[in-house]
Q: 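Take a look at this one; I'll ask things after.
Below, chain A is the first sequence line, B the second, and so on; all start at residue 1.
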Amino acid sequence: MPELPEVEVTRLSFADRIAGARIESVRLGKPLRWPAGLPANGLAGRVVQAVRRRGKYLLLDLDEGLLLLHLGMSGSLSFAARQPAAGVHDHFDLATTRGVLRLNDPRRFGAVVYAHSEDSAEAVKLLGGLGVEPLTEAFGLDAFHAGLKRRHAPVKQVLLAGDLVVGVGNIYASEALFMAGIRPTLRASRISRPRAEKLRLAVRDVLARAVAKGGSTLRDFSNADGQAGYFQLEAMVYDRAGQPCRVCGTPVKSIRQGQRATYFCPHCQKS
DNA sequence: AAAAGCCCCTGGATGC
DNA sequence: TGCATCCAGGGGCTTT
């Protein structure tokens, strides 16, 4: 489910409401990707000051310490004054004076990790290797092109890796490469500067448009208010194998790269 | 250093 | 209906 747009849409849907809330209690369900590492005396009494996003992580800033949340493949958050009794896939509840923040994650690839500070070992382990934020001014052509230059892997997989630029997952990698007219199998190092610029702008554009549409809901994504996203309806190639390209009519092709599906138009993305 | 493969986990879709 | 197989939006870890 969650790539940058879905995580950002989730953040926007509850950040203002939870800011200023005092934590009352924490409930943990089944183990997630990593141990939560909560302080021995819990989090009760701490105040949620803000919700930020770094890549696909949400950072809940507390008056002391912070919580790192990751939605994995199947996670979603909900924030409501009252929550129903926890179901089998509800693995984290943060009860606060303003409502309960709940993580539902059937596959449990997600994570909730407490860190004393953003510079602590626990936080650096998760955030340290992340690339530049694509929707900020820091995402410039010089560094992006230079980064592509030194990678020989297929450009699709370089986008997914997240160490050059964060937030681009399997849907938006295919979509951005389509917009840029670049074949996903092209070695990153072979991308010219003008084409790198096309790709940079395409990444920014597709992610920004997806945020505006509430993200993509393929099966079960919803924001913290329970609302689905609609960007999947605008997908040019993702999950459209065999269907006509929306630009030229050529059947969209599906291949596998690194155990993940990639979609592209053989005509619009010739090289 | 970088790339390729494997693995974590559950559930839905498909095929026999 | 039952069962096996494959696939899914992520990404860390190990091996080449």
Side-chain angles (χ1 to χ4, degrees), chain A residues 1-10 29-35 53-58 68-77 87-92 103-113 121-131 146-177 184-190 203 206-207 210-211 213-223 228-235 237-242 254-263:
Chain A
M1 154 191 54
E3 305 182 30
L4 183 150
E6 291 73 32
V7 177
E8 179 65 8
V9 162
T10 297
K30 286 189 186 175
L32 295 167
R33 174 138 203 173
W34 294 293
R53 180 189 55 75
R54 177 74 180 98
K56 297 170 188 168
Y57 284 92
L58 285 176
L68 307 177
L69 272 52
H70 198 291
L71 303 180
M73 288 273 268
S74 58
S76 61
L77 289 173
V88 286
H89 298 312
D90 294 325
H91 301 303
F92 172 72
L103 173 67
N104 179 274
D105 185 5
R107 293 176 71 181
R108 292 190 281 127
F109 290 170
V112 176
V113 174
E122 314 84 75
V124 170
K125 177 188 165 203
L126 301 184
L127 307 177
L130 297 184
L148 292 173
K149 273 282 165 216
R150 72 176 82 97
R151 299 293 212 93
H152 289 195
V155 58
K156 155 87 167 353
Q157 288 170 258
V158 172
L159 287 178
L160 281 187
D163 50 357
L164 187 55
V165 56
V166 294
V168 183
N170 210 39
I171 299 175
Y172 301 110
S174 284
E175 292 298 310
L177 287 164
T185 50
L186 181 63
R187 306 271 146 186
S189 56
R190 301 191 55 182
V203 165
V206 72
L207 294 178
V211 170
K213 291 289 176 180
S216 296
T217 296
L218 266 46
R219 49 171 32 155
D220 52 14
F221 170 73
S222 59
N223 69 19
Y230 296 93
F231 187 79
Q232 73 279 5
L233 301 176
E234 297 181 13
V237 288
Y238 184 80
D239 205 20
R240 298 195 63 244
S254 169
I255 60 173
R256 288 193 81 75
Q257 291 182 288
Q259 287 104 280
R260 319 288 300 274
T262 296
Y263 302 88

Q: Strictly by Watson-Crick or wobble contacts shorter than 3.5 Å, is anything paired with B/dA3, and which nucleotide is it?
A: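 With both distances under 3.5 Å, B/dA3 matches C/dT15.
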Q: What is the distance, rounded to the nearest whole Å, between atom NZ of A/Lys125 and atom C1' of C/dG12?
A: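 Atom-to-atom, A/Lys125 to C/dG12, this comes out as 8 Å.
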Q: Report the nucleotide, chosen from C/dA8, B/dC9, C/dC13, that has the shortest atom-to-atom distance to any side-chain atom of A/Ala261.
A: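 Given the options C/dA8, B/dC9, C/dC13, the side chain of A/Ala261 is closest to C/dA8.
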Q: Judged by each residue's nearest nucleotide on DNA chain B, which is more toward the 5′ side, A/Gly258 or A/Asp163?
A: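 Its nearest nucleotide lies further toward 5', so the answer is A/Asp163.
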Q: Could you state the CG-C1' distance from A/Leu126 to C/dG10, rounded to the nearest angstrom?
A: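 Result: 13 Å.
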Q: Spell out, as yes or no, whether a donor-acceptor pair under 3.5 Å connects the side chain of A/Gln232 to the backbone of A/Thr217.
A: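 Flag set: sc A/Gln232 to bb A/Thr217 pair under 3.5 Å.
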Q: Whole-Å distance between C/dA8 P and A/Tyr172 OH?
A: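 For the pair A/Tyr172 OH and C/dA8 P, the rounded distance is 17 Å.
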Q: Check whether any side-chain nitrogen or oxygen of A/His89 sits under 4.0 Å from OP1 or OP2 of B/dG11, and answer yes or no.
A: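 True: A/His89 side-chain N/O within range (under 4.0 Å) of B/dG11 OP1/OP2.
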Q: Between atom CG in A/Leu164 and atom P in B/dA1, what is the gap in whole Å?
A: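 For the pair A/Leu164 CG and B/dA1 P, the rounded distance is 16 Å.
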Q: Let me know, please, whether A/Leu218 or A/Tyr57 comes out on the 5' side of the other along DNA chain C by nearest nucleotide.
A: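 Upstream on the strand: A/Leu218.
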Q: What is the distance, rounded to the nearest whole Å, between atom CD of A/Gln257 and atom P of C/dG10?
A: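 Nearest whole value for this atom pair: 14 Å.
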Q: Select one nucleotide: of B/dA4, C/dG10, B/dT10, the one nearest the side-chain heavy atoms of A/Lys30.
A: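 Nearest nucleotide to the side chain: B/dT10.
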Q: Send over the distance from A/Gln157 CD to B/dA4 P, rounded to a whole Å.
A: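 Taking CD of A/Gln157 and P of B/dA4, I get 6 Å after rounding.
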Q: Base, sugar-phosphate alone, or nothing: which one does A/Phe231 contact when heavy atoms must sit under 4.0 Å apart?
A: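 Since no nucleic acid heavy atom lies under 4.0 Å of A/Phe231, the category is nothing.
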Q: Under the side-chain contact (heavy atoms from CB on, under 4.5 Å) rule, what do A/Thr10 and A/Phe221 come out as? Steps first, then yes or no, please.
A: CA-CA 10 Å; A/Thr10 297; A/Phe221 170 73; 3.5 Å; yes
Q: Between A/Val158 and A/Gln259, which has a closest nucleotide on DNA chain B that is more 5'?
A: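 So the residue in question is A/Val158.
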Q: Quickly work out the A/Leu71 CG to C/dA8 C1' distance and round it to whole Å.
A: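 Going from CG in A/Leu71 over to C1' in C/dA8 covers 16 Å.
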Q: At less than 4.0 Å, is any side-chain N or O atom of A/Arg107 found next to OP1 or OP2 of C/dG10? Yes or no.
A: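 Result: no.
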Q: Name the closest nucleotide to the A/Arg187 side chain, picking from B/dA2, B/dA4, C/dG10.
A: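 Looking only at heavy atoms from C-beta outward on A/Arg187, the closest nucleotide is B/dA4.
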Q: When you compare the ring of A/Phe109 with the six-membered ring of B/dC8's base, are the centres less than 5.5 Å apart and the planes under 30° from each other?
A: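 Given the distance and angle limits, yes, they stack.
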Q: Does A/Tyr263 offer a backbone N or O that forms a donor-acceptor pair with the side chain of A/Ser174 under 3.5 Å?
A: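 Yes, the answer is positive, given that a donor and an acceptor are paired below the 3.5 Å cut-off.
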Q: Side-chain N or O of A/His70 less than 4.0 angstrom from OP1 or OP2 on C/dG10?
A: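 It does not, given that no N or O in the side chain of A/His70 lies less than 4.0 Å from OP1 or OP2 of C/dG10.
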Q: Is it the case that the side chain of A/Glu234 and the backbone of A/Phe231 share a donor-acceptor pair, with hydrogens and angles ignored and the cut-off at 3.5 Å?
A: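 Not confirmed, A/Glu234 side chain does not pair with A/Phe231 backbone.
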Q: OP1, OP2 of C/dG10 versus side-chain N and O of A/Arg260: anything below 4.0 Å?
A: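 Yes, within the criterion.
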Q: As an exercise, state the distance from CG of A/Asp220 to CE of A/Met73, rounded to the nearest 0.5 Å.
A: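 The CG atom of A/Asp220 sits 11.0 Å away from the CE atom of A/Met73.
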Q: Look at A/Arg256 and C/dA8 and indicate whether a side-chain polar atom (N or O) is within less than 4.0 Å of OP1 or OP2.
A: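 Answer yes for this pair, as a side-chain N or O of A/Arg256 is under 4.0 Å from OP1 or OP2.
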Q: Do any N or O atoms from the side chain of A/Glu175 and from the backbone of A/Val237 form a donor-acceptor pair under 3.5 angstrom?
A: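 Checked: pair present.
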Q: Could you tell me whether A/Arg151 contacts a base, only the sugar-phosphate backbone, or nothing, with contacts defined as non-hydrogen atoms closer than 4.0 Å?
A: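 Sugar-phosphate contact only.
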Q: Rounding to an integer number of Å, can you tell me how far A/Leu32 CG sits from B/dT10 P?
A: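 So the CG-P distance, A/Leu32 to B/dT10, works out to 12 Å.
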